[in-house]
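By convention in this document, chain letters (A, B, ...) are assigned in the order of the sequence lines, proteins followed by strands, and residues within each chain are numbered from 1. Only a predicted model underlies this, so the values are computations on that prediction, with no experimental measurement involved.
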Amino acid sequence: MLTLKYITENSEEVIVRLKKKNFDGATIIAQVVERDVLRKSTQTQLDNTSSEMNKLSKEIGLLFKQGKHAEASTAKERTAELKESVKVFDEKLSAIEQKLNELLVLIPNLPHASVPEGKHAEDNLVERSGGVMPTLPADAVPHWDLAKKYDLIDFELGVKISGAGFPVYKGKGARLQRALINFFLDSAREAGYLEIQPPYVVNAASGYGTGQLPDKEGQMYHCTIDDLYLIPTAEVPVTNIYRDVILDEKELPIKNTAYSACFRREAGSYGKDVRGLNRLHQFDKVEIVQIQHPDKSYESLNEMVNYVQTLVEKLELPWRILRLCGGDMGFTSAMTFDFEVYSAAQQRWLEVSSVSNFESYQANRLKCRFKGSDKKTQLCHTLNGSALALPRIVAALLENNQTPEGIRVPKALIPYMGMEIID
RNA sequence: GGAGAGGUGCUCGAGUGGUUGAAGAGGUACGCCUGGAAAGCGUAUAUACGGUGUGGAAUCGUAUCGAGAGUUCGAAUCUCUUCCUCUCCGCCA
């Protein structure tokens, strides 16, 4: 969330900038500002009353020590009223703070100045693109047919065991998964990321820390008996490592990578583009996360985008990078680049990565701060990106590389696959 | 799952109702000392919010001793709830 201080001190600017995200913030910002004034005055009242109370208590203690029991009893009587006031102010303050917090989580992050205007995905700008569009044989088929032909993925079996959206990878299909995961992890490590193996279920505090809760509760699988959530991305557990942490400036940037299975309920997204591997309830992904100094977070964003680009290039897929417009960006992001690869048989661009700078929006919730040489504590900037999500990469690899002899394995993957062709 | 012990500052560790935001030690930072270093000496070393205030120097107040609630004029210290850790037993990959 945005910091209360920033909102109250720059309320006009905040309202203007939020417009780019198609968010009309005038009313809610006004409510925040109003309640903040109330918060401050209530806090002052509470502090003053508590202060009096503390003073009086000390006096009573002193009187008792001196054996002046009568005077102590008289003093005690005076505390009753104060005590009541403290209680009233305290409850009032808590109520105000709770309401303020409820308002704050409804306000999205401010888009960076370079984020283009726009309302929908069609307004995103193509930043750059590369790779060679494949020329497919006349009888080319989409990946779900190829998966069946070479017995790589069994969607029906997944339905039997779990339900739609839980495919079973078999044989060379399973091996391809493992090859991609290892390729992505090794590449990330070589790029300076520390490999992490996080838990796949998280508590509510973690879900709240990265913003999945409370707004996106319905999108996560919830184990109610233990009140734990299946992670929708490794971003959640990895970023929460740094919840309630004050880092030393010298530790920045922190670069972590993690493979995890990802679980998404995808409630309400049935019917559209869900065939094959395009949209799943469980999928595999390698994530990269950075915690960075605010002055350098856009350098890091750039670095991360360039890094992801090397991955799609090594996989020899046609790719393009989109600079998301204000209306298509995530709630918590200040700037996002999406990566898409072309899936030739479906003749569609598939999103395979989303790289974002959250600036201090996420860090404010997480209370992830750093202390510099000036001894001042301030919020870090957090960034993350997929590097990469597997299913759509697999879809594009299968479709684009289909030949009469089988599926050609890109050079970079051959050592991981142990074969040049899937047949 | 059963029985017991415990959760205090960057770390260790004292503290069982009254100037305890918290002894002591270690670590770290700065200063002194030294040709340099060690030792030694001195100083500093949490966070959040609020008030006064300045070139975001200071200074005061409030809250925080796992978390939440309670008892009390007053709680790190007592009570309850909850989470977590450790030991023993049971079960098990």
* To do: Using the C1' atom on both, measure B:U28 against B:C10 and round to a whole Å.
  => 8 Å
* **Any side-chain donor near an acceptor of the partner, A:Tyr193 and A:Gln290, under 3.5 Å** => yes
* Asked: Base, sugar-phosphate, or nothing for A:Thr377, non-hydrogen atoms under 4.0 angstrom?
  -> sugar-phosphate
* Asked: Do the side-chain N and O atoms of A:Arg243 and A:Asn240 include a donor-acceptor pair separated by under 3.5 angstrom?
  -> yes
* To do: Rounded to whole angstrom, note down the P distance from B:A75 over to B:U79.
  => 15 Å
* Structure fact -> Each nucleotide of nucleotides 62-77 of chain B classed B (base within 4.0 Å of a protein heavy atom), S (only sugar-phosphate) or -, in 5' to 3' order, makes SS---------BS---
* To do: Would you mind reading off the distance between A:Asp226 atom CG and B:C84 atom P, rounded to a whole angstrom?
  => 9 Å
* To do: Please report, rounded to the nearest Å, how far the P atom of B:G50 is from the CG atom of A:Leu100.
  => 11 Å
* May I ask you to check whether A:Gln346 and A:Arg275 show a side-chain donor-acceptor distance below 3.5 Å? => no
Any N/O pairs under 3.5 Å between the protein and nucleotides 54-59 of chain B? List them or say none.
residue, atom, partner, partner atom, Å
B:G56, N2, A:Lys376, NZ, 3.4

* Asked: What is the distance from CG of A:Asn364 to P of B:A48, rounded to the nearest Å?
  -> 11 Å
Using distance only, find each side-chain donor-acceptor pair of residues 415-423 of chain A under 3.5 Å and give its atom names and separation, not counting sequence neighbours.
residue, atom, partner, partner atom, Å
A:Tyr416, OH, A:Asp186, OD2, 2.7
A:Asp423, OD1, A:Lys172, NZ, 3.2

* Structure fact -> Between A:Val352 and the options A:Val341, A:Val308, A:Leu311, the side-chain contact (heavy atoms from CB on, under 4.5 Å) test singles out A:Val341
* To do: Return the value, rounded to whole Å, for the distance between atom CG of A:Asn101 and atom P of B:A48.
  => 17 Å
* To do: Specify the separation, in whole Å, of atom NZ of A:Lys367 and atom C1' of B:A46.
  => 16 Å
* **P atoms of B:G21 and B:G61, separation to the nearest Å** => 11 Å
Less than 3.5 Å apart, which donor and acceptor atoms pair up between the side chains of residues 31-40 of chain A and the rest of the protein, not counting sequence neighbours?
residue, atom, partner, partner atom, Å
A:Asp36, OD1, A:Arg39, NH1, 2.2

* Asked: With Watson-Crick and G-U wobble geometry limited to distances under 3.5 Å, how should the secondary structure of RNA chain B be encoded in dot-bracket form, using | for bases paired to another strand and [ ] for crossing pairs?
  -> ((((((((.[[[..)..(.....]]]((((((.......))))))(((((((.....))))))).[[[[[..)....]]]]])))))))....
Identify each donor-acceptor pair in which a side-chain atom of residues 95-106 of chain A lies under 3.5 Å from a protein atom, sequence neighbours left out, and give them as a table.
residue, atom, partner, partner atom, Å
A:Gln98, NE2, A:Glu102, OE2, 3.2
A:Asn101, ND2, A:Tyr208, OH, 3.1

* Roughly how many Å is it from CD in A:Glu249 to P in B:A29, rounded to a whole number? -> 16 Å
* Atom-pair distance (NE2 on A:His69; C1' on B:G18), nearest Å -> 14 Å
* How far does the P atom of B:A37 sit from the matching atom of B:A29, given to the nearest Å? -> 14 Å
* How about A:Lys367: does its NZ atom have over 12 heavy atoms from other parts shown lying under 6.0 Å from it? -> yes
* Integer angstrom distance from the P of B:C84 to that of B:U72 -> 32 Å
* **Protein-nucleotide distance (A:Leu4, atom CG; B:G50, atom P), rounded to Å** => 8 Å
* To do: Establish, yes or no, whether a centroid distance under 6.0 Å links the rings of A:Phe358 and A:His381.
  => no
* Asked: What nucleic acid atoms does A:Leu82 come within less than 4.0 Å of, heavy atoms only: base, sugar-phosphate, or nothing?
  -> nothing
* Asked: Reckon A:Arg39 touches a base, only the sugar-phosphate, or nothing at all at heavy-atom distances under 4.0 Å?
  -> sugar-phosphate
* Interatomic distance at P, B:G2 relative to B:U82, whole Å -> 13 Å
* **A:Leu62 side chain reached by A:Glu59 side chain, heavy atoms, under 4.5 Å** => no
* Taking atom P in both B:G6 and B:G51, compute the distance separating them and give it to the nearest angstrom. => 43 Å
* Asked: Are A:Glu303 and A:Gln292 linked by a side-chain donor-acceptor pair shorter than 3.5 Å?
  -> no
* Asked: Do A:Leu277 and A:Leu350 come within less than 4.5 Å of each other through their side chains, counting heavy atoms only?
  -> no
* A:Glu13 atom CD: more than 12 heavy-atom contacts under 6.0 Å -> yes
* To do: Could you give the distance separating B:G24 and B:U43 at their P atoms, to the nearest angstrom?
  => 12 Å
